[in-house]
2 protein chains.
Amino acid sequence: MKKGMPERRRCARLASIFKTLSHPQRLYLLCCLCEKESTVGELGKACGAAQPVISQHLTRMRLEGIVESRRAGNHVHYSIADPHIPALIRSMEKISHE
Amino acid sequence: MKKGMPERRRCARLASIFKTLSHPQRLYLLCCLCEKESTVGELGKACGAAQPVISQHLTRMRLEGIVESRRAGNHVHYSIADPHIPALIRSMEKISHE
DNA sequence: GCAAAATATTAAATAATTAGAATATTCATA
DNA sequence: TATGAATATTCTAATTATTTAATATTTTGC
């Protein structure tokens, strides 16, 4: 196998991350977070989605290690946990050039 | 929104591509194809999966514009259709380094 | 400690994906 | 044109993901 190409076992892990990014709202949330750290409420407004849905998506991404959260008062601020994420999204954008 | 970050409508399209890559076998197939053009049979062996499954995955990726095929005799050779794919795969490898 | 605001969790119903088996198609060669 | 090898398609059952609604938790300010 060519140097740097992931083997089978690795692909399973990566595919799981891709799956997490394969939902339009989650991807949009992530794009918002690439811009700046935000609270759940702010993200809800940006997405035009109900609060529990946003919270669910964020939880999923947090468990996957993609975002992280910190509490400040009764707000929770979310941000990108993995610094490679913005590059991945930009890289993916090149694929879809319509 | 940070320059270059996709807006809501765009995210739907990108998410669709992410979804196509979010299956472990499809992702592995793609990694194999990054190495070299291969027939369905070769890919089946590399994946250890049944022929119809491989064929289904390849068809899906072909419809998404990610891979392409050419027939030679009664073999069908698949290869990467989008030149940005290898960079994407490399980009994604940086994500999960556990 | 109580009420209100912000966020999180749970459960039930619905929808989408996947795997597997069976069958069909395409092409080369006899 | 009949046969075999390679690939593709179709259908269905099983699994997994998503949506929606209801409820719970956490924290602040009184």
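Chain A is the first sequence line, chain B the second, and so forth, proteins listed ahead of strands; every chain is numbered from 1.
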Can you tell me how far [atom2] of [N] sits from [atom1] of [X], to the nearest Å?
| X | N | atom1 | atom2 | result |
| --- | --- | --- | --- | --- |
| A:His77 | D:dT27 | NE2 | C1' | 13 Å |
| A:Leu27 | D:dT18 | CG | C1' | 17 Å |
| A:His57 | C:dA8 | NE2 | P | 13 Å |
| A:Ile54 | D:dT20 | CD1 | P | 13 Å |
| B:Arg60 | D:dA8 | CZ | P | 17 Å |
| A:Leu43 | C:dA6 | CG | P | 14 Å |
| B:Leu58 | C:dA19 | CG | P | 13 Å |
| B:Glu64 | C:dT17 | CD | P | 11 Å |

Counting only N and O atoms by type, is there a donor-acceptor contact under 3.5 Å from the side chain of A:Ser79 to the main-chain atoms of A:His77?
-> no
Please figure out whether A:Ala72 or A:Ser22 has its closest DNA chain D nucleotide nearer the 5' end.
-> A:Ser22
Heavy-atom pair with the smallest gap, counting every atom of [X] and [Y]:
| X | Y | answer |
| --- | --- | --- |
| A:Tyr78 | A:Arg62 | OH-NE, 4.0 Å |
| B:Ile54 | B:Cys47 | CD1-CB, 3.9 Å |
| B:Arg60 | B:Arg26 | NH1-NH2, 3.5 Å |

Less than 4.0 angstrom between a side-chain N/O of [X] and OP1 or OP2 of [N], yes or no?
| X | N | answer |
| --- | --- | --- |
| B:Lys19 | C:dT17 | yes |
| A:His23 | D:dT19 | yes |
| A:Arg26 | D:dT18 | yes |
| A:Tyr78 | C:dA8 | yes |
| A:Arg62 | C:dA8 | no |
| A:His75 | D:dT28 | no |
| B:Arg71 | D:dA6 | no |
| B:Ser55 | D:dT9 | no |

Taking only the side-chain heavy atoms of [X] (C-beta and beyond), determine which of [options] contains the nearest atom.
| X | options | value |
| --- | --- | --- |
| A:Val53 | D:dT20, D:dT9, C:dT18 | D:dT20 |
| B:Thr59 | D:dT9, D:dT18, C:dA19 | D:dT9 |
| A:Gln56 | C:dA11, D:dT9, C:dA19 | C:dA11 |
| A:Asn74 | C:dT7, C:dA5, D:dT7 | C:dA5 |
| B:Gln51 | D:dT7, D:dT18, C:dT7 | D:dT7 |

Run the numbers on A:Glu64 and A:Lys19 for salt bridge (charged side-chain N to carboxylate O under 4.0 Å, His left out), then give the verdict.
-> CA-CA 10 Å; A:Glu64 192 83 63; A:Lys19 183 164 289 183; over 6 Å; no
May I have the step-by-step check of salt bridge (charged side-chain N to carboxylate O under 4.0 Å, His left out) for A:Glu7 and A:Arg13, ending in yes or no?
-> CA-CA 11 Å; A:Glu7 79 294 347; A:Arg13 163 76 180 131; over 6 Å; no
